[in-house]
2 protein chains.
Amino acid sequence: MLKITRKVEYALIALRHLQQNKQAKLCSAKTLSLKYDIPQELLAKILQKLSKENIILSVKGPKGGYKISKDPNTINMTKFFEIMEGPMGIVDCYFDSNCEQLSGCTIREPINRINNSIRTMFDKMTLADITFK
Amino acid sequence: MLKITRKVEYALIALRHLQQNKQAKLCSAKTLSLKYDIPQELLAKILQKLSKENIILSVKGPKGGYKISKDPNTINMTKFFEIMEGPMGIVDCYFDSNCEQLSGCTIREPINRINNSIRTMFDKMTLADITFK
DNA sequence: GCTATATACGACTAATATTATCGTATAATA
DNA sequence: TATTATACGATAATATTAGTCGTATATAGC
Ligand code: SF4
Ligand code: SF4
């Protein structure tokens with residue numbers, strides 16, 4: 001319960017590495033997967049998503065790989081989580097209304113207050129809080 | 001990602017009902033399951049757990065059921081979540097050390113800071129914040 | 001041009017966690 | 001003693017997450 005996904009963790013590990021080696025040329029998915037013991041194909045897809053979102057820059061071909069392309073201070077964690085995993089809420093009704101209980105739900109309001117607290121907390125936090133500190 | 005479970009939601013709905021009808025005698029699992037459209041057997045097990053933890057009191061037999069037995073102001077949400085779902089952490093290594101990456105993990109410290117922030121937030125919140133307000 | 005290496009991307013499978021159900025036992029009321 | 005309700009372990013169904021595979025494309029170096 002209340003877990004972040006492995007996908008997000010792998011993304012953060014990779015981003016931290018790229019951030020702290022940003023003076024270096026490029027770093028490939030393979031290099032990162034070996035260094036941090038992350039399944040290569042899975043990490044590759046994660047890096048592709050980060051690239052598509054212009055958080056990192058990708059270069060194809062031999063000697064290719066990835067490097068940081070956006071200041072991690074400018075990306076807040078709510079946004080980052082939603083880029084990686086879609087809408088973020090501790091219950092589904094925050095972004096989807098298919099809940100059986102919705103019509104007569106007595107806890108939706110208090111639950112949404114909690115939701116907003118968590119979102120606010122992550123809004124105030126940036127990628128740099130994880131990739132730097 | 002970062003979701004609470006249905007089990008917890010059902011528990012909160014039931015507790016809110018019991019709290020707001022605490023002058024009433026008893027309320028059965030069946031009554032609650034019909035009123036809130038929650039699978040009866042599932043809700044029954046949830047109520048049994050709450051009873052075992054002395055959050056509610058149970059009475060067997062016809063005319064039996066449940067009622068609140070502990071002031072919801074005295075139970076913080078971290079404790080409540082952990083009663084219902086076990087150790088709470090956004091990553092496993094907060095309470096379990098079977099992670100492949102653990103030895104060379106570069107994000108554990110920053111992740112744990114987030115973890116602590118979430119726990120602190122829920123420590124400051126009580127069951128009454130959901131069952132009353 | 002050819003080969004090797006690396007990203008891009010969709011489809012698929014496997015593993016795990018969550019949600020729900022079933023069967024049986026026990027207690028108490030009337 | 002029949003009925004209603006809790007207690008509890010085992011099992012099944014479903015959803016989510018994690019990981020793999022196949023194929024295409026780009027490019028560096030020879
Ligand atoms: S808070 Fe209520 S409406 Fe929202 S998902 Fe939970 S049960 Fe459904
Ligand atoms: S933070 Fe690091 S050690 Fe902890 S679970 Fe995630 S990858 Fe594993």
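Reminder, nothing fancy here: chain letters follow the sequence lines and each chain counts from 1.
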Which nucleotide in the list [options] gets nearest to the side chain of [X]?
X: Leu42(B); options: dA20(C), dA28(D), dG9(D); result: dA20(C)
X: Ser51(A); options: dA18(D), dA28(D), dA8(C); result: dA8(C)
X: Pro62(B); options: dT21(C), dT19(C), dT3(D); result: dT3(D)
X: Tyr66(A); options: dT7(C), dC8(D), dA20(C); result: dT7(C)

Side-chain N or O of Tyr10(A) closer than 4.0 Å to phosphate OP1/OP2 of dA18(D)
no

Side-chain N or O of Ser58(B) closer than 4.0 Å to phosphate OP1/OP2 of dA7(D):
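Checking Ser58(B) against dA7(D): at least one side-chain N or O falls below 4.0 Å of OP1 or OP2.
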
What distance do [X] atom [atom1] and [Y] atom [atom2] have between them, rounded to the nearest 0.5 Å?
X: Met125(B); Y: Phe80(B); atom1: CE; atom2: CZ; answer: 13.0 Å
X: Glu9(B); Y: Asp92(A); atom1: CD; atom2: CG; answer: 7.5 Å
X: Ile111(B); Y: Asn116(B); atom1: CD1; atom2: CG; answer: 11.5 Å

Please tell me which of Lys60(B) and Arg6(B) maps to the more 5' nucleotide of DNA chain C, matching each residue to the nucleotide holding its nearest heavy atom.
Arg6(B)

On DNA chain C, compare the nucleotides closest to Lys63(A) and Lys52(A); which residue's is nearer the 5' end?
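On the 5' side of the pair lies Lys63(A).
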
Could you tell me how far apart [X] ([atom1]) and [N] ([atom2]) are, to the nearest whole angstrom?
X: Asp96(A); N: dA15(D); atom1: CG; atom2: C1'; value: 14 Å
X: Met1(A); N: dT16(D); atom1: CE; atom2: P; value: 17 Å
X: Asp37(A); N: dA18(D); atom1: CG; atom2: C1'; value: 15 Å
X: Gln40(B); N: dT19(C); atom1: CD; atom2: C1'; value: 16 Å
X: Ile56(A); N: dT7(C); atom1: CD1; atom2: C1'; value: 11 Å
X: Asp92(A); N: dT16(D); atom1: CG; atom2: P; value: 7 Å
X: Glu100(A); N: dA20(C); atom1: CD; atom2: C1'; value: 13 Å
X: Leu50(B); N: dA7(D); atom1: CG; atom2: C1'; value: 14 Å

Could you see if Ile83(A) belongs to whatever hydrophobic cluster contains Met121(A)? Use Ile, Leu, Val, Met, Phe, Trp, Tyr and a side-chain cutoff under 4.5 Å.
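Per the 4.5 Å side-chain linkage, Ile83(A) and Met121(A) are co-clustered.
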
For a quick check of understanding: with a heavy-atom distance under 4.0 Å over all strands, which category does Lys7(A) fall into, base, sugar-phosphate or nothing?
sugar-phosphate

Contact check, side chains of Leu102(B) and Ser97(B), non-hydrogen atoms, under 4.5 Å:
yes

Take Ala29(B) and Glu41(A), find for each the nucleotide of DNA chain D with the closest heavy atom, and name the residue whose nucleotide sits nearer the 5' end.
Ala29(B)

